[in-house]
Amino acid sequence: MIFQSTRGKQRVSLDEALVMGLAGDGGLFLPLELPQFSTDDFAAAKTVAETAQILLRPFFAESALAPELDEITRETFRFPLPVTRLPVSGGYAGLLELYHGPTAAFKDVGAGFLAACLTRLQGDTDNPLTILVATSGDTGGAVAAAFNERPGMRVVVLYPDGRVSERQAHQLTCWGDNVLSLAVQGSFDDCQALVKGALADKVLSAQYRFSSANSINIGRLLPQCIYYAHSSLEHFRATGRKPGFIVPTGNLGNGFAAFLAKEMGLPIGDMILATNENRLITDFLGGAEWLPRPSIQTLASAMDVGNPSNMERLRSMFGEAGEIRQRTQAISVSDEIIQKEIRRNYNEFHLATCPHTATATFAWRELDDSERTEKDWIMVATAHPAKFEQIVEPIIEAEVPLPADLADILSRPRHFVKIEPDAEALAKALSENFSN
Ligand SMILES: *Cc1c(COP(=O)(O)O)cnc(C)c1O
């Protein structure tokens, strides 16, 4: 399979796209042609991993990883990704729970798959590959968990000290010797600038074999198609109906994966995107121009994105703005409504929802009565409410029990190094903590 940049015409193999992340021309990689599937193709797939093996096989046809695809998918999809039916009156409403992985959010799926692939392609115990990741909270934990103790791989996590929650800080700093956690005395932008600078530094890059694991890597996108494929197939087999999906959206990585699955022939109905008060996608789908803006802080902080990068992929796949507007709609949800929605979900369904997931349940409630009851809907739960207990617990006036994996992480000892936000401090921390 050939992958092509959304900008220039750079074409690469899957293995090259996995290692490069971003295309040389600054664009994002997309498959040149999408394989087409019918629901019968998946008749033999009982588990998520088996669905993944069938769906991903064409993408890996010429990859050095092809013989290991089955093992990679078993490794990635080792935690459940269930749909729970909600007790609604009229129609079908389900919740696709993507939060049963090690750090209790959907990013565990993409990070785990990318780690499984990159370790096999690039792992070298004599000269490890070093993944640099700047994080405002969630991504760094998922990446650290995914690469933790993988031979021939190291991770450096840079996060703004004091600007992430206690539980997030713990998830960023409780890993093995191959993960170096740096508490940067500055902002998230400082962390990002440090990573960019280090990646551009030829001497350091050669010494540590720097790479990144950012969310636009095709290796994070492809595995995200799998839970849409598997859950829609299960629903279709049971009911003969195609479920629509409602996806909480920031950078549009998770949502784009659903469009991709639908384009490949999976039984997916309507697509609705739910955003927080960062309204760019909603305004664009409503007819406004695409004008990126600075992000604003909201309760659904993992969706605080002012310039969602995967829109470039959606435009590349569907072409004109009008085409995109025909295929999906979006709704923007304020913090006040997120809070109301968390309370309402708890009162009506006895369901604790994280602030991101609450944007999706609100979008479902806002559907016309006929749309809501005549079509089947699956709302995507992107994180476990226990990750955002400081927001959720006061609203529902109850404690959210910790999932076992998260409890395990929070019981581990933390280790981290404080650094000033400058390149010399980063270089010093690297040389003091890594032997080459
Ligand atoms: C990252 C994240 C999102 C947004 O996903 P995108 O792929 O950026 O649209 C939503 N919810 C949670 C909990 C996240 O961590």
Side-chain angles (χ1 to χ4, degrees), residues 28 95-114 133-146 159 164-165 167-168 171-172 188 213-225 227-228 245-261 271-282 295 298-314 328 330-333 338 341-342 352-363 379-389 391-392 403 406:
L28 313 186
L95 195 73
L96 173 56
E97 298 174 5
L98 302 182
Y99 51 62
H100 297 287
T103 69
F106 82 87
K107 292 190 176 75
D108 285 326
V109 174
F113 187 82
L114 185 61
V133 53
T135 185
S136 58
D138 273 356
T139 304
V143 171
Y159 67 96
V164 302
S165 78
R167 283 187 183 172
Q168 280 177 328
Q171 291 182 320
L172 295 170
F188 170 62
N214 50 28
S215 66
I216 47 81
N217 193 305
I218 195 84
R220 288 178 59 171
L221 198 56
L222 291 177
Q224 290 175 179
C225 297
Y227 41 74
Y228 294 108
F245 282 93
I246 307 178
V247 188
T249 297
N251 215 12
L252 200 48
N254 198 9
F256 182 76
F259 286 104
L260 211 52
M271 279 292 308
I272 294 179
L273 304 171
T275 71
N276 57 26
E277 281 178 287
N278 291 279
R279 312 185 37 97
L280 180 61
I281 290 174
T282 305
S295 65
T298 75
L299 291 175
S301 54
M303 292 162 33
D304 291 348
V305 179
N307 184 11
S309 43
N310 281 294
M311 182 56 88
E312 188 165 329
R313 283 194 165 113
L314 208 59
T328 185
I331 185 168
S332 172
V333 184
I338 286 174
E341 196 61 24
I342 291 172
T353 36
C354 89
H356 313 82
T357 306
T359 65
T361 63
F362 181 72
M379 295 162 253
V380 177
T382 50
H384 195 285
K387 267 194 109 155
F388 301 92
E389 88 288 0
I391 297 168
V392 178
L406 201 52

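Indexing begins at 1, ligand by ligand and atom by atom, following the structure's order. All values below come from the heavy atoms of this structure, side chains included, with hydrogens, waters and symmetry mates left out.
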Heavy atoms, side chains only, cut-off 4.5 Å: are I338 and E277 in contact?
no

Exercise. Please confirm whether the backbone N or O of P403 pairs with a side-chain atom of H384, one donor and one acceptor, at under 3.5 Å?
Key: no

Taken in chain and number order and not counting sequence neighbours, the residues that satisfy side chain to side chain contact (heavy atoms under 4.5 Å, CB included) with A330 are L273, I281, T282, L285

So do the side chains of T357 and Y99 get within less than 4.5 Å of each other, counting heavy atoms only?
no

Chain-and-number sorted residues having a heavy-atom contact under 4.0 Å with ligand 1 are F106, K107, D138, T249, G250, N251, L252, G253, N254, A302, M303, H356, T382, A383

In this structure, OG1 of T249 is separated from CG of N310 (nearest 0.5 Å) by 10.0 Å

(Q) Assess, by modelled atom type and distance only, whether the side chains of E341 and T361 contain a donor and an acceptor separated by less than 3.5 Å. (A) yes

